[in-house]
Undergrad: 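Below you'll find the structure I mean.
Counting starts at 1 for both ligands and their atoms, following the listed order.
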Amino acid sequence: MSPNDEQSTTLFGNGDELPSNHSGNPHINQLINQGLARRQVVAGGAAISALAFLGIGLSTSAAAAEPLDALQERLKGLPFKRNRLPFSPVAVTRADTVSVPPGFSAKAFIPWGTPLTGRYPAFAEDASNSAQDQAEQLGMHHDGMHFFPIDAQSGHGKRSDHGLLVLNHEYIDAQLLHPNGPTTVDGKRTVADEVRKEINAHGVSVVEVRRNATGDWQVVRSPRNRRITAATPMIIAGPARGHALMKTRHSNSGTWARGTQNNCANGHTPWGTYLTCEENWAGYFASQDGEQPREHSRYGIGKTSRYGWETLAGDEFQRFDASRRGADASEDYRNEPNQFGWIVEIDPFDPQSVPVKHTALGRFAHEGLVFAPVKPGKRLVCYSGDDAQNEYIYKYVSRDSYRPRKSRDKNHLLDIGTLYVARFDADGTGTWLALDHADPAFQSACAAAGVSFADQGEVLVNTRLAADIVGATKMDRPEWGAVNPDTGDVYFTLTNNSSRTTGDAANPRSPNPYGHIIRWREASRDFAGNRFAWDIFLLGGPVDDSRDPNGQPLNEQNILASPDGLWFDDEGHLWIQTDMSGNQLSNGPFGNNQMLVADPKSGEVKRFLVGPLGCEVTGISQTPDFKTLFVNIQHPDDGSTWPDGAGKRPRSATVVISRDNGRRLL
Ligand code: FEO
Ligand code: CA
Ligand code: CA
Ligand code: CA
């Protein structure tokens, strides 16, 4: 979403939540007197890399203790798969098209409204499709995405010409969704079918796709095609299942939920299921209560909602009204917001499967979920950022080990485990702090803060508060994470932060309009451990306020701002997608939103794609043969008519990228 904070609470604003971290957590440089001076941090490159990778305080870590120059020397002796990124950089542009380097092509695919299931209703260019039509068509605002080879669950998962493309529909543009925008009277919604259409334009699409003999991708009319919406029934799993804070008029047992919404980035499990992440969900609810409970206030639930769904009569809409209206929680929807902010698992290969909300992974504005390398006999480890200003980065470690033959998570790897939050220290090291009700350190932190939780379910519903208590580091809006397949280093985008008033080592600029990319290496490369070493990989921004991975200013082939999407291909290239908005997008030196490729080995960063006007570039996945790359273009705007051309409504769509010579992309 665009970081347009002023619009957060206005009807039909586009979205991000206002900052709601009012904790007294100090910034790093208040915590540690001998903090790194700002100029040392923004000097970037070797100095800070060496500091971090010296592994200060990591006496158990041989890997982390290796000085950077020694590491680089050692890497020189290794046979590199490549020397340079083999494409010409795309220039900054504000053209209303998708630009890729010579020798590559990009074709729009499955835009919003593409017929997908049921009656396969055709897209009406005047947006007159009904709510039911929308439930049978691709949703709006494509975001996180994964290509599952058709044999992902039944074989080796190597099929590159046939699979399930699963993608999120983050939010909607109500002006474009309806022929003449949404109908309102005195600030209230009056047309139920309009609101149902909005609910149905959210969620996830499962699309069976096949590459034909001429190399073009097509939608297969398959019983596997599926729409999951903001009304689809879901199971609640993990420690908060059945908790008193999860009970509603609809689900007296607190074990069922309706729908998933504001699904931003994604993940996928080693057993071939999709993970969709609920990000800016708080704005879908309103509460008229004078005093908000902590599980609302810490997430920014306000008196008005973004789309006004709760202003319509009927249970399907009233559930978005989180006010106390009945005698207890079984008579109203005061707890409905507690059923959102989770990671949701979807089995794309079973259209009858019920999606599962995994509460052990925490409740916050989940951007995405990225797994550390998965090894049989080892515990599962995954990372997720909370994308709001001054929020945190989390890690989850399963209690039990991954056993491939027990696929489909029979041992509940995503339901039984420990959630941690990151503290980045100024000396280039960091610590994972457990948010575990049974952990004495957590208990004493709670006691010191004067906060109590009855059980782990209550801790998880209040994940942000629990993280405040243990002293996590406030970050500049954590977006996507990615794990380097060659080194195991974890990279995270910190997209920007207009509200930062005090810089710290991990978030050195205040305010931070351009964003940066941080990375860390787990001590001893033990992903389940609780110590790490970190550094800053890249500072976004104009030439005079940026640093590339080698400590040099960004230049015309790679200036970027507001990094958001982040992904490693199998070859170890880091793909960076941007989500600039407002003035940065319309007037800055950066042009339209873009996608770049970085080679962490050489430090080279080059722009690979520029999207059409007003769009965000987000969502990325490859076929196993790497001859196809799928990328999403979200919310083309600002006069855009992409992809259909002059006079047409702009539509979010996937683009299919391939090489003209038919070879691997890179
Ligand atoms: Fe939906 Fe944080 O981007
Ligand atoms: Ca964003
Ligand atoms: Ca977005
Ligand atoms: Ca994003």
Undergrad: What's the atom name of the N, O or S in Asp564 nearest to the Ca ion (ligand 2)?
TA: OD2
Undergrad: Give, for atom CG of Asn593 and atom CE of Met580, the distance between the pair rounded to the nearest 0.5 Å.
TA: 4.0 Å
Undergrad: Taking only residues two or more places apart in sequence, or in another chain, which ones meet Phe626 in a ring pair (Phe, Tyr, Trp, His ring centres under 6.0 Å)?
TA: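 Testing Phe626 for ring pair (Phe, Tyr, Trp, His ring centres under 6.0 Å), a comparison that skips the adjacent residues, returns none.
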Undergrad: In degrees, rounded to 10 degrees, what angle do Glu170 atom OE2 and Cys264 atom SG make at atom 1 (Fe) of ligand 1?
TA: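 With atom 1 (Fe) of ligand 1 as the vertex, OE2 (Glu170) and SG (Cys264) sit 100° apart.
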Undergrad: With sequence neighbours excluded, tell me which residues meet ring pair (Phe, Tyr, Trp, His ring centres under 6.0 Å) with Phe371.
TA: none
Undergrad: Can you tell me if Glu367 has an N, O or S atom under 2.8 Å away from atom 2 (Fe) of ligand 1?
TA: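 Glu367 does place an N, O or S atom closer than 2.8 Å to atom 2 (Fe) of ligand 1.
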Undergrad: Classify the side-chain pair Glu616/His141 by whether it contains a donor and acceptor separated by less than 3.5 Å.
TA: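 On atom types as modelled, these side chains do not qualify, holding no pair under 3.5 Å.
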Undergrad: If you measure from OG on Ser287 to CD on Gln292, what distance do you get to the nearest 0.5 Å?
TA: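 Going from OG on Ser287 over to CD on Gln292, the span is 3.5 Å.
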Undergrad: Among the N/O/S atoms of Asp579, which is closest to the Ca ion (ligand 2)? Give the atom name.
TA: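 Answer by atom name: OD2.
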Undergrad: With carbon and hydrogen excluded and only N/O/S kept, which atom of Asp387 is nearest atom 2 (Fe) of ligand 1?
TA: OD2
Undergrad: Kindly determine whether His516 and Tyr514 satisfy ring-ring contact (aromatic ring centres under 6.0 Å, His included), including the steps that lead there.
TA: CA-CA 7 Å; His516 57 288; Tyr514 305 118; over 10 Å; no
Undergrad: In this structure, which one of Trp309, Tyr171, Trp112 forms a ring-ring contact (aromatic ring centres under 6.0 Å, His included) with His202?
TA: Trp309
Undergrad: With atom 2 (Fe) of ligand 1 as the point of reference, which N/O/S atom of Glu479 is the closest?
TA: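 This residue's closest N, O or S atom turns out to be OE1.
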Undergrad: Has Glu279 got an N/O/S atom less than 2.8 Å from atom 1 (Fe) of ligand 1?
TA: yes
Undergrad: Please state whether the separation between the Ca ion (ligand 2) and some N/O/S atom of Glu367 is under 3.0 Å?
TA: no
Undergrad: Any N/O/S atom, side chain or main chain, of Glu479 closer to the Ca ion (ligand 2) than 3.0 Å?
TA: yes
